[in-house]
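For reference, the structure is listed below as structure tokens.
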Amino acid sequence: MNWFGEPWPSASFRAAVCSDESLHVPFPPSDEECILCGHSFVHGDRGVLMPHLTADLTSEMHYCHIECLAGNIGELNQ
């Protein structure tokens, strides 16, 4: 999975998703919003670029704050 921002939880102790520097993508564009919370990204935010299945069953890539993804894990598994 592609990730952006600084590695989390820290540069010296990285989550598995942040361990591959080749998957580090540029910070989201200024007009991009988090697919889960709808807020724009600001300097210092961290997260992932993840696939999202649309209503017409096509796949699109969307940015997501890592906090939003972590907070929605339970909801995604229901």
Side-chain angles (χ1 to χ4, degrees):
M1 182 176 293
N2 293 336
W3 58 282
F4 66 88
E6 295 296 318
W8 58 86
S10 70
S12 60
F13 183 70
R14 295 175 175 222
V17 71
C18 302
S19 63
D20 188 344
E21 201 57 46
S22 71
L23 298 176
H24 192 203
V25 296
F27 198 78
S30 59
D31 62 342
E32 190 78 29
E33 296 178 345
C34 175
I35 188 70
L36 294 176
C37 74
H39 291 109
S40 298
F41 296 93
V42 296
H43 180 74
D45 285 349
R46 304 176 293 182
V48 295
L49 182 59
M50 57 188 275
H52 175 76
L53 193 60
T54 64
D56 65 354
L57 302 179
T58 58
S59 181
E60 298 176 348
M61 298 301 285
H62 289 276
Y63 291 92
C64 176
H65 294 107
I66 192 59
E67 297 84 2
C68 295
L69 183 60
N72 280 288
I73 293 295
E75 292 178 28
L76 294 174
N77 289 327
Q78 292 180 5

Worked verdict on Asn2 versus Val48 for side chain to side chain contact (heavy atoms under 4.5 Å, CB included): CA-CA 6 Å; Asn2 293 336; Val48 295; over 6 Å; no
From [X] [atom1] over to [Y] [atom2], what is the distance, rounded to the nearest 0.5 angstrom?
| X | Y | atom1 | atom2 | value |
| --- | --- | --- | --- | --- |
| Cys64 | Glu32 | SG | CD | 11.0 Å |
| Cys34 | His39 | SG | NE2 | 9.0 Å |
| Asp45 | Glu67 | CG | CD | 7.0 Å |
| Glu33 | Ser40 | CD | OG | 5.0 Å |
| Glu60 | Thr54 | CD | OG1 | 5.5 Å |
| His62 | Met50 | NE2 | CE | 9.5 Å |

Closest heavy-atom pair and its distance - Thr58, Asp56: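 Answer, listing the atom of Thr58 first, then Asp56: OG1-OD1, 2.8 Å.
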Heavy-atom pair with the smallest gap, counting every atom of Trp3 and Asp20: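 Taking Trp3 first and Asp20 second, the nearest heavy atoms are NE1-O, 3.3 Å.
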Apart from Val25 itself, residues in the same hydrophobic cluster as defined by side-chain heavy atoms under 4.5 Å: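 Direct or chained contacts put Val25 with Phe4, Phe27, Phe41, Leu49, Met61, Tyr63.
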Arg14/Glu6 under salt bridge (Lys or Arg N to Asp or Glu O under 4.0 Å): CA gap, chis, key distance, verdict: CA-CA 10 Å; Arg14 295 175 175 222; Glu6 295 296 318; over 6 Å; no
Test side chain to side chain contact (heavy atoms under 4.5 Å, CB included) applied to His52 and Ser59, step by step: CA-CA 6 Å; His52 175 76; Ser59 181; over 6 Å; no
Enclosure of His24 NE2 (heavy-atom neighbours >12, cutoff 6.0 Å):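 Yes, the 6.0 Å shell around NE2 holds more than 12 heavy atoms from other groups.
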